[in-house]
Structures are given as C-alpha cells and as structure tokens.
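Data first, discussion second: the structure below is written as structure tokens.
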Amino acid sequence: MTEEPEHPDLAGLQRRLAEFAAARDWQPYHTPKNLVAALSVEASELVEIFQWMTPEESAGVMADPESAHRVRDEVADVLAYLLQLCEVLGVDPLAELAAKIDRNERRFPVPGEPEESGGPGDPAR
C-alpha cells in the first residue's frame, strides 16, 4: 500500500485509483456510463445521511463521531468516482472547476459592484 502525504495531490490520487482498478482487472467496467452511475449512487448515500435532519442537525453532523465517519466515507466515495470519471474522459477537474467559477463570477456579479463584460447579456458566456 502506498503512503500518501497528509494532503495528497489530485494526480497522485487518480494514479492510485487507476492502479487499484488495474490490479483487479476492473478497467472494462470503468466506462463513463458505469462510473457516472456509481457516482450518482454514492452521492445518494451522502444525501441519505442528511435526509431527515433539521437544518440545525445537518450543520452539526460532524460533531457526532459516527455520523462524521459516515460523511467522510461517502465524500471519499463520491470523490473517488468523480476522479475516475474525469480520468476516463480526459477531464482536468481542477481546470474545469476554475473555469466554472470564472463563468459564474461573470454571470452573477456581486450586487452593487460595477459589472464587467461577461454579465447575463454577454453572448460569450
């Protein structure tokens, strides 16, 4: 088992996930369709933890060790499938997230601040 630093890098995690799947001959099953379905299932398992909580209970979920463990475990599952999907599709998740934030900053300017080009009427959005 490979030891990762306290804050492993994304590429290293994607490599470990790919090596894990390859060692078990799972690549034929790691199609975009299967990975996105598994991602949906894992996201639903995360939702399930919060499903019947009040807003106040959900805000304090990490205070309970058992609930916190379940949340961390499901977050890891969601991220693992998302990273595997990105790897299979050749998507750089950090670059895409940065680009999405840029687009959202243009689409939804801070109220009261002057708008730059790229606002809601900008055809380049």
Side-chain angles (χ1 to χ4, degrees):
M1 189 179 329
T2 305
E3 285 294 318
E4 288 288 332
E6 187 173 331
H7 294 285
D9 66 288
L10 206 56
L13 291 172
Q14 284 180 301
R15 185 182 61 255
R16 284 187 65 194
L17 287 166
E19 290 170 355
F20 182 89
R24 290 153 181 82
D25 296 321
W26 289 354
Q27 305 98 316
Y29 309 105
H30 285 194
T31 64
K33 175 190 166 289
N34 288 349
L35 290 169
V36 80
L39 174 60
S40 177
V41 169
E42 295 301 340
S44 294
E45 290 178 6
L46 183 58
V47 170
E48 183 181 33
I49 296 167
F50 294 89
Q51 185 173 8
W52 303 114
M53 289 182 179
T54 65
E56 295 76 20
E57 289 169 335
S58 70
V61 72
M62 300 307 282
D64 174 58
E66 183 180 329
S67 294
H69 173 74
R70 290 179 59 214
V71 168
R72 285 192 299 270
D73 204 45
E74 295 307 333
V75 165
D77 287 341
V78 168
L79 185 57
Y81 280 114
L82 181 59
L83 291 177
Q84 289 174 90
L85 178 65
C86 289
E87 180 72 20
V88 166
L89 295 177
V91 171
D92 179 340
L94 295 181
E96 295 307 322
L97 177 57
K100 182 67 173 186
I101 293 169
D102 290 344
R103 287 191 303 274
N104 283 342
E105 287 173 339
R106 289 189 303 272
R107 284 183 67 195
F108 306 105
V110 175
E113 287 189 8
E115 284 190 42
E116 297 179 22
S117 64
D122 187 340
R125 342 185 287 215

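- Looking at Glu42 and Leu39, their side chains never come closer than 4.5 Å, going by heavy atoms from C-beta outward.
- Take Ala68 and apply the side-chain contact (heavy atoms from CB on, under 4.5 Å) test, not counting sequence neighbours, and it matches Met62, Arg72.
- Within the 3.5 Å criterion, the main-chain N or O of Ser40 finds a donor-acceptor partner in the side chain of Ser44.
- For the pair Arg16 and Phe20, the cation-pi test (distance below 6.0 Å, angle within 45°) is failed.
- The side-chain contact (heavy atoms from CB on, under 4.5 Å) check on Glu48 picks up Gln51, with sequence neighbours excluded.
- Val110 shares a hydrophobic cluster with no other residue; no ILVMFWY side chain has heavy atoms under 4.5 Å from its own.
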Could you list the donor-acceptor pairs under 3.5 angstrom formed by side chains in residues 73-98, with sequence neighbours left out?
residue : atom : partner : partner atom : Å
Gln84   : OE1  : His30   : ND1          : 3.3
Gln84   : NE2  : Ala80   : O            : 3.1
Asp92   : OD1  : Leu94   : N            : 3.1
Asp92   : OD1  : Ala95   : N            : 3.1

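- For Lys100, the side-chain contact (heavy atoms from CB on, under 4.5 Å) partners at least two apart in sequence or on another chain are Arg103, Asn104.
- Pro55 and Ser58 make their closest contact through O-OG, 2.8 Å (heavy atoms, listed as atom of the first residue, atom of the second, distance).
- Here Glu19 contributes atom CD and Gln14 contributes atom CD; the two are 12.0 Å apart, rounded to the nearest 0.5 Å.
- Both Leu46 and Val61 are part of a single hydrophobic cluster, where members link through side-chain heavy atoms under 4.5 Å apart.
- Heavy atoms only, all atoms of each residue included: Ala21 and Gln27 are closest at O-OE1, 3.9 Å.
- The line from CD of Glu57 to OG of Ser67 is 9.5 Å long, rounded to the nearest 0.5 Å.
- Listed by first and then second residue, the ring pair (Phe, Tyr, Trp, His ring centres under 6.0 Å) pairs involving residues 34-78 amount to none (not counting sequence neighbours).
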